[in-house]
Amino acid sequence: MSESVILPAVADLTEAGPLKQRLEQALGSGIGLTVDASAVQRISSPCLQVLVAGMTAFAKAGGAALSISNPSEAFRETATVLGLMNALELSK
């Protein structure tokens, strides 16, 4: 079973807390989660940190997976500048 969450156009500090809760909820339920990043026009480092931590937590738990789909150009640019493409399992 897998669910999805859609990141908003502006994924900033105010979105980091709710995103973290959503990831923890999915992880605790053993449900896979796909994060749709296609609408992102701007993303802050706190949201990216939550996603990197989520990738690590899902990998350690085994079973259900966390993935990022359709990353926008803005998402990719920010992740690249911060050196997080590999941690987010996104190819350049």
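Here the structure is a predicted model, which is why all the values come from computation and not from measurement.
For the residue pair F58 and A26, the shortest heavy atom distance occurs at CZ-CB, 4.0 Å. Across every non-hydrogen atom of A64 and G30, the tightest pair is CB-O, 3.4 Å. Contact between L90 and F75 at its shortest, heavy atoms only, is CD1-CE2, 3.6 Å.
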Pairs under 3.5 angstrom only: tabulate donor-acceptor contacts from the side chains of residues 41-55 to other protein residues two or more places apart or in another chain.
residue : atom : partner : partner atom : Å
S44     : OG   : A11     : O            : 3.4

Please output the side-chain donor-acceptor pairs of residues 31-38 that fall under 3.5 Å, not counting sequence neighbours, one pair per line with the distance.
residue : atom : partner : partner atom : Å
T34     : OG1  : S67     : OG           : 3.4
D36     : OD1  : S38     : N            : 2.8
D36     : OD1  : S38     : OG           : 2.7

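In this structure, the separation between CG on N70 and CZ on R76 is 9.5 Å, given to the nearest 0.5 Å. Note: K60 NZ to L27 CG = 11.5 Å, rounded to the nearest 0.5 Å.
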Audit row: V40, T78, side-chain contact (heavy atoms from CB on, under 4.5 Å) steps and yes/no | CA-CA 11 Å; V40 173; T78 304; over 6 Å; no
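Under the side-chain hydrogen bond (donor to acceptor under 3.5 Å, both in side chains) criterion, D12 pairs with T14, sequence neighbours left out. Applying the side-chain hydrogen bond (donor to acceptor under 3.5 Å, both in side chains) criterion to S29, with sequence neighbours excluded, gives no partner residue. Here E77 pairs with nothing under the salt bridge (Lys or Arg N to Asp or Glu O under 4.0 Å) rule; sequence neighbours left out.
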